[in-house]
Amino acid sequence: MTEDARDGDAQSPPGGNTERLWGGRFSGGFADIMERINASIDFDKRLYVQDLAGSRAHCNMLVAQGIIEAADGHEILKGLDRIEAEIEAGAFEFTPAREDIHMHVEARLAELIGPAAGRLHTARSRNDQVATDFRLWVRAALDELDGDLADLLAALVERAEAEADTLMPGFTHLQSAQPVTLGHHLLAYVEMFARDRNRARDCRARLNESPLGAAALAGTSFPIDRRATAAALGFARPAANSLDAVSARDFALEYLAVASILSVHLSRLAEELVIWSSAPFSFVAMSDAFSTGSSIMPQKRNPDAAELVRGKTGRVIGDLNALLVMMKGLPLTYSKDMQEDKEPVFEARDTLALTVPAMRGMVGDMTVNRAAMAALAGAGHATATDLADWMVRTLGLPFREAHHVTGRIVALADQRGVELAALPLAALREIEPRLNEAVLGVLRVADSVASRTSEGGTAPDNVRAEVARWRSRLAGEGEAG
Ligand code: ARG
């Protein structure tokens, strides 16, 4: 490491310590509190797989380009393998004095192989190193999420098929609006989660550029081959601008935005499960596997998993917010503030690794109470629109007038305390004499639902067709990513 005063920047602390890898120009000691505020090893040790992969790729490239000797490269690779084994065996010593994962690996490498270790950092900086590691880590998180979302989507599609004919109230303002099928309702979430999955794939495609070789910020005078390291790490190409490569964190922001939107969708479904599983609704019963009891009320059965999916959404949104605010005032290029980028991303990933599979489990396990749903499907005169539509279609009334007549019929039903379908034809005729027997058909919930065959509508036949479309789409998407 001749040409670089470690990382080539002014981020290093005042004071100093010649035992530190960057300590050449420092003579004073490091304040205790400085060590603690500076160290990131407690959390960034999670990047070790990516850090080792980046170092291997860099080492191989340095040898191939004749920048370091093959024999040194060989020793370095052997040392990196040993370090990997030590970390995996729990035998690797982590200490705040070595700051971060990058310094830990390099310092340990020096202990294992001696001076050759110092050649690994040629034409590299921690700035391009950490950007590379972090991109690789987020990419792996996105791939894992893709699989979890595929499982959730499959569980929802399966349920939707089983409940294609299940009548339930559809709501606006959480007031009974028009009857729908549960299958249709579940497929609405399939649409949302499929968009989330596409957003995650878009994010992955955009982040898949290699910062490695940008060095501290300006590139390097060594004859490196950035295409080779990019290819070795599965990146589509090297990032084009060295300043952008070390300072961009929009890939992490985008990941957190994907995670936040997905979490909002999970939270809305969780909220519905909480409402539906309450005794007054009793639309669904969560399985024992996803419920808890109360320590005082023996009858209680609480939908804790759904509540936690809803509750944890706040964290993920907070993670996005934290990173946005941290980044907003930073000049190019790297600033140490950016060390704060990892914990929000780790937390969001850890949250999604719980919430997505938990939701999948709840969807697969819950029991649907079809009778309870059907009993309320027509409540609140939910077929009133069907009645108005019938008058438009059959009697040729303008919709506004049909709406008005229907309103009077609804008022009569309310006055008698019955649902629309329970009013005798004679009573309907007193309000609109042209009504006949045929109108009674459209007042029934099942007929109402079956009639909504417009594209994207709730009719059971539509639901079955959509289930088939989703099945083949999901099968086709399996290999992508
Ligand atoms: N631990 C640092 C981080 O996560 C690594 C990069 C340090 N670069 C520097 N110039 N001090 O951001």
Side-chain angles (χ1 to χ4, degrees), residues 1 3-17 19-26 30-31 34-55 58 87 94-109 120-138 141 207 210-220 239 242-253 255-256 319 322-323 325-327 329-349:
M1 207 177 321
E3 89 298 350
D4 81 14
R6 190 78 205 191
D7 302 318
D9 64 19
Q11 296 299 321
S12 302
N17 183 329
E19 277 165 37
R20 289 173 201 277
L21 290 174
W22 41 255
R25 62 166 290 198
F26 294 96
F30 218 24
M34 175 58 194
E35 182 162 289
R36 285 165 56 208
I37 195 175
N38 194 43
S40 55
I41 188 61
D42 277 353
F43 51 88
D44 72 15
K45 60 181 158 200
R46 292 181 70 169
L47 298 176
Y48 84 88
V49 172
Q50 292 73 26
D51 196 69
L52 291 168
S55 286
H58 186 65
I87 295 176
F94 292 104
T95 160
R98 286 182 178 174
E99 287 189 36
D100 58 24
I101 186 63
H102 325 295
M103 306 274 235
H104 273 75
V105 170
E106 191 176 332
R108 180 66 183 140
L109 193 61
L120 173 60
H121 212 59
T122 313
R124 187 176 73 167
S125 155
R126 273 190 298 163
N127 296 350
D128 60 338
Q129 191 177 356
V130 73
T132 302
D133 293 2
F134 200 25
R135 276 185 197 245
L136 290 172
W137 196 94
V138 174
L207 77 66
S210 175
L212 198 58
L217 75 166
T220 175
S242 65
L243 305 177
D244 177 53
V246 295
S247 63
R249 292 295 182 272
D250 52 298
F251 67 90
L253 288 170
Y255 170 75
L256 291 174
D319 293 329
L323 192 54
V325 175
M326 187 277 281
M327 289 299 294
L330 299 186
L332 301 188
T333 54
Y334 179 87
S335 296
K336 192 66 172 254
D337 312 46
M338 289 160 74
Q339 180 164 284
E340 295 287 309
D341 59 2
K342 290 162 207 71
E343 287 161 291
V345 167
F346 292 164
E347 180 176 72
R349 178 266 163 206

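One-based numbering, in listed order, for ligands and for the atoms of each. We're numbering straight along the sequence, starting at 1. The figures here come from the full heavy-atom set of this structure, side chains too, leaving out hydrogens, waters and symmetry mates.
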Side chain to side chain contact (heavy atoms under 4.5 Å, CB included) assessment of Ile41 paired with Thr95:
CA-CA 7 Å; Ile41 188 61; Thr95 160; over 6 Å; no

Closest to atom 2 (C) of ligand 1 (judged by heavy-atom distance), picking from Gln339, Arg126, His102
Gln339

Give the numbers and elements of all ligand 1 atoms closer than 4.0 Å to a heavy atom of Asp100.
1 (N), 2 (C), 5 (C)

Determine the interplanar angle of the His104 and Phe94 rings, folded into 0 to 90°, and report it as parallel if under 30°, tilted if 30 to 60°, perpendicular if over 60°.
tilted

Please tell me if the side chains of His102 and Val130 come closer than 4.5 Å, counting only heavy atoms from C-beta onward.
yes

Between Ser125 (side chain only) and Asn127 (backbone N and O only), is there a donor and an acceptor less than 3.5 Å apart?
yes

Do Leu47 and Phe346 touch side chain to side chain, with heavy atoms closer than 4.5 Å?
yes

Return yes or no for this condition: an N or O of Lys336 is under 3.5 Å from an N or O of ligand 1.
no

Which of the numbered atoms in ligand 1 are under 4.0 angstrom from any heavy atom belonging to Ser40?
1 (N)

Residue part near ligand 1, for Lys342, under 4.0 Å between non-hydrogen atoms
side chain

